[in-house]
Protein chains: 2
Amino acid sequence: MTTIRKVAELAGVSVATVSRTLKSPDVVTPATRAKVLEAVEAAGYEPNMIAVQFRSRRTRNLVVLVPTIANTFFARVISGIQEAAHQRDYRVLLCNTLGREDSEEAYARMVTRRQADGVIQLRAYNPFSGSHLPTGAPLPMVNACEVLDNAPCPTVKLDNRSAARSLIEHLIALGHRRIGMIKGPRRSPLTRDRVAGYRDALDAAGIVIDETLMLPGDFTPKSGFEAAALLVHGPNRPTAIFCESDEMAIGALQRIKQAGLSVPDDISVVGFDDIAFASYSDPPLTTISQPAEAFGREAVAMLIDVLEDRMPETSHLVLPYELVIRESTTTIDVARH
Amino acid sequence: MTTIRKVAELAGVSVATVSRTLKSPDVVTPATRAKVLEAVEAAGYEPNMIAVQFRSRRTRNLVVLVPTIANTFFARVISGIQEAAHQRDYRVLLCNTLGREDSEEAYARMVTRRQADGVIQLRAYNPFSGSHLPTGAPLPMVNACEVLDNAPCPTVKLDNRSAARSLIEHLIALGHRRIGMIKGPRRSPLTRDRVAGYRDALDAAGIVIDETLMLPGDFTPKSGFEAAALLVHGPNRPTAIFCESDEMAIGALQRIKQAGLSVPDDISVVGFDDIAFASYSDPPLTTISQPAEAFGREAVAMLIDVLEDRMPETSHLVLPYELVIRESTTTIDVARH
DNA sequence: TTGAAAGCGCTAACAT
DNA sequence: ATGTTAGCGCTTTCAA
């Protein structure tokens with residue numbers, strides 16, 4: 001293995017000079033620099049990054065805590081994280097937590113064990129709750145997408161409440177008054193905020209909420225499919241359904257059609273996220289487009305700011321959404337209902 | 001920061017004893033073990049993993065080279081990798097390469113720079129081509145999914161040729177003879193093998209191949225959509241289309257229906273991969289189910305075997321596929337064609 | 001501008 | 001069974 005020592009010998013300089021040439025080329029004379037670089041080349045020298053990290057007490061590794069990668073939306077967020085991290089010469093340690101808090105805590109320990117500098121958490125949970133972290137220093141974490149209410153760190157999220165509200169307002173404008181909702185996991189802030197937006201819109205329109213039209217789901221197509229069955233065959237069939245994710249909406253679409261009903265003629269359906277498949281479903285989905293990659297990029301930018309002792313400009317970012325109207329929603333057909 | 005030295009003082013033993021207690025508890029007496037563990041607890045000691053890695057010359061980090069995470073299939077493979085790595089106390093460094101060879105080489109350099117122990121490559125390219133690696137030692141790499149023809153390392157793949165063949169045989173059994181194909185990227189071994197399987201089946205049935213029915217795609221729904229347009233409006237419309245990925249099949253489905261044609265009554269469609277959305281498309285897709293997570297798990301197992309100087313039992317694994325018949329294929333309707 | 005030298009926190013001979 | 005000690009490869013004072 002070629003070490004810095006061998007390069008130093010080859011170039012006829014000290015190891016300190018080699019180190020300096022590599023880190024801050026401008027503090028050595030052009031002549032030495034040339035000599036050293038030539039020796040590096042000749043020796044086929046590759047620095048031992050672990051030694052560098054050990055000595056400099058920084059790894060440039062970022063831990064990413066994601067409930068599940070096999071979800072189109074998270075996959076896009078991770079793409080954004082990876083891209084931004086790479087650009088700044090940071091690495092991404094990917095951790096699939098399945099939403100389990102003990103495993104999130106275990107992964108966060110990579111920071112206290114100095115194997116990574118910080119964590120990007122995509123769930124509303126603080127994995128450092130019980131850990132011995134140098135007090136005084138800011139928490140080496142950024143919370144994105146699903147965000148804690150009183151996050152002890154910078155956050156990036158969507159205004160889920162008003163996004164949901166605008167989706168429902170769109171349905172109300174089309175004449176719908178009996179609007180069902182397929183929700184996300186019960187305890188998620190995402191669900192809470194989107195339900196609030198749903199209520200906001202209905203309240204503003206003077207529509208009284210029918211709690212039997214609000215069913216739980218878990219963001220998977222399967223759960224959308226199952227919840228839709230209940231809605232479709234229930235005593236009080238809605239004329240429109242708000243699904244808290246496109247994946248659930250795609251499941252719902254299938255179930256509704258299986259019941260011999262048409263989307264949007266019998267039932268309008270709206271989703272959330274605007275995943276790639278949302279425009280290829282039948283019919284294409286009206287949904288909320290989220291800047292998934294941007295969540296990742298912003299989270300990285302803020303985390304690195306924290307790690308490098310810069311104050312992030314804003315510590316609680318709210319990214320913009322967009323209502324995308326496609327063919328899964330239409331005006332209510334009085335003849336049919 | 002609490003170091004092993006402080007724990008040693010607290011426990012009244014040497015640092016070596018602390019180290020031993022943590023690594024191989026059975027070589028110290030129960031009494032010392034108890035003392036040490038108590039001191040560890042009292043001091044809130046967290047070992048500095050970078051120091052451990054530095055000293056032991058092993059990181060237990062695995063680099064994963066993936067063309068794009070935002071692809072449902074790769075996302076599942078990565079899930080499998082992460083799960084298996086975690087189980088064996090290895091970490092996953094995720095690298096999105098966009099299929100660029102220079103960036104794959106840059107990431108592979110993490111191994112020569114001792115930041116990771118090995119790489120799992122999901123594309124048919126050897127990123128170590130030009131690097132100074134200790135000769136004699138086996139290449140610290142496993143190639144999975146899309147595999148090099150003469151891979152210099154263990155591999156895990158599907159028998160793409162016979163999988164494609166069985167898909168086409170299914171169509172032929174339904175009476176189809178004019179079968180189009182929407183291919184993957186031109187230079188990919190995946191494409192080559194699947195095209196070979198397609199030819200095998202047609203040749204065996206005595207059907208002469210119409211090259212104008214074979215169109216290029218890039219695995220995205222959009223490319224499936226566009227290629228389908230050409231097939232549908234071409235002079236010699238096929239009665240069935242084989243898409244080399246479910247994502248392209250979903251794009252094709254939409255385009256075919258837009259042309260006022262029915263799937264499967266006018267055109268049968270088959271995909272490849274069996275992604276989650278394949279059973280929620282309209283109609284649900286007939287496809288080849290691949291054990292995506294298993295690719296990841298097997299790749300990890302073989303890589304760790306190589307890294308820990310064990311010979312992997314088999315170095316070229318071929319995982320089984322399954323033909324999944326859903327509603328996107330049916331017997332050819334003579335009245336319509 | 002360059003070199004000498006200390007030492008980051010830990011493991012693993014080797015000695016006891 | 002435990003302790004002593006020599007580094008792993010690098011960065012960074014400090015001195016020249």
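Sequence lines set the chain letters: A, B, ... in the order given, protein chains first and strands last, and positions in each chain run from 1. All figures in this text were calculated on a predicted structure; none of them were measured in a lab.
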B:Ala292 backbone acceptor or donor facing B:Gln290 side chain under 3.5 Å: no
Rounded to the nearest 0.5 Å, what separation is found between the CG atom of A:Leu94 and the NE2 atom of B:His86? 12.5 Å
Inter-end axis angle, the helix from C:dT1-D:dA16 to C:dT16-D:dA1, with every axis fitted to five base pairs (rounded, 10 degrees): 30°
Provide, to the nearest angstrom, the distance between the CZ atom belonging to A:Arg114 and the C1' atom belonging to C:dG9. 11 Å
Using whole Å, what does the distance between atom P of nucleotide C:dG9 and atom CG of B:Leu22 come to? 16 Å
Sub-3.5 Å donor-acceptor pair from the side chain of A:Arg114 to the main-chain atoms of B:Ala51, do we have one? no
So among A:Leu65, A:Val77, A:Val142, which one has a side-chain contact (heavy atoms from CB on, under 4.5 Å) with A:Leu122? A:Val77
Is a salt bridge present between B:Asp149 and B:Arg192, judged by a nitrogen-to-oxygen distance below 4.0 Å? yes
Side chain to side chain donor-acceptor pair (under 3.5 Å) between B:Ser188 and B:Glu146, worked out: CA-CA 8 Å; B:Ser188 161; B:Glu146 188 196 78; 2.9 Å; yes
Donor-acceptor pair between B:Tyr90 and B:Gln82 side chains, under 3.5 angstrom: no
For atom CD1 of A:Ile50 and atom C1' of C:dC10, their distance in whole Å: 13 Å
Could you tell me how far apart A:Gln53 (CD) and C:dG9 (P) are, to the nearest whole angstrom? 15 Å
Once you round it to whole Å, what is the distance between P of C:dC10 and CZ of B:Arg58? 19 Å
Report, as a single string ordered 5' to 3', how protein heavy atoms within less than 4.0 Å touch nucleotides 2-9 of chain D: B base, S sugar-phosphate only, - not at all. BBB-BBBB
Full working for salt bridge (charged side-chain N to carboxylate O under 4.0 Å, His left out) between B:Arg58 and B:Glu308: CA-CA 10 Å; B:Arg58 299 199 44 221; B:Glu308 298 182 352; 3.7 Å; yes
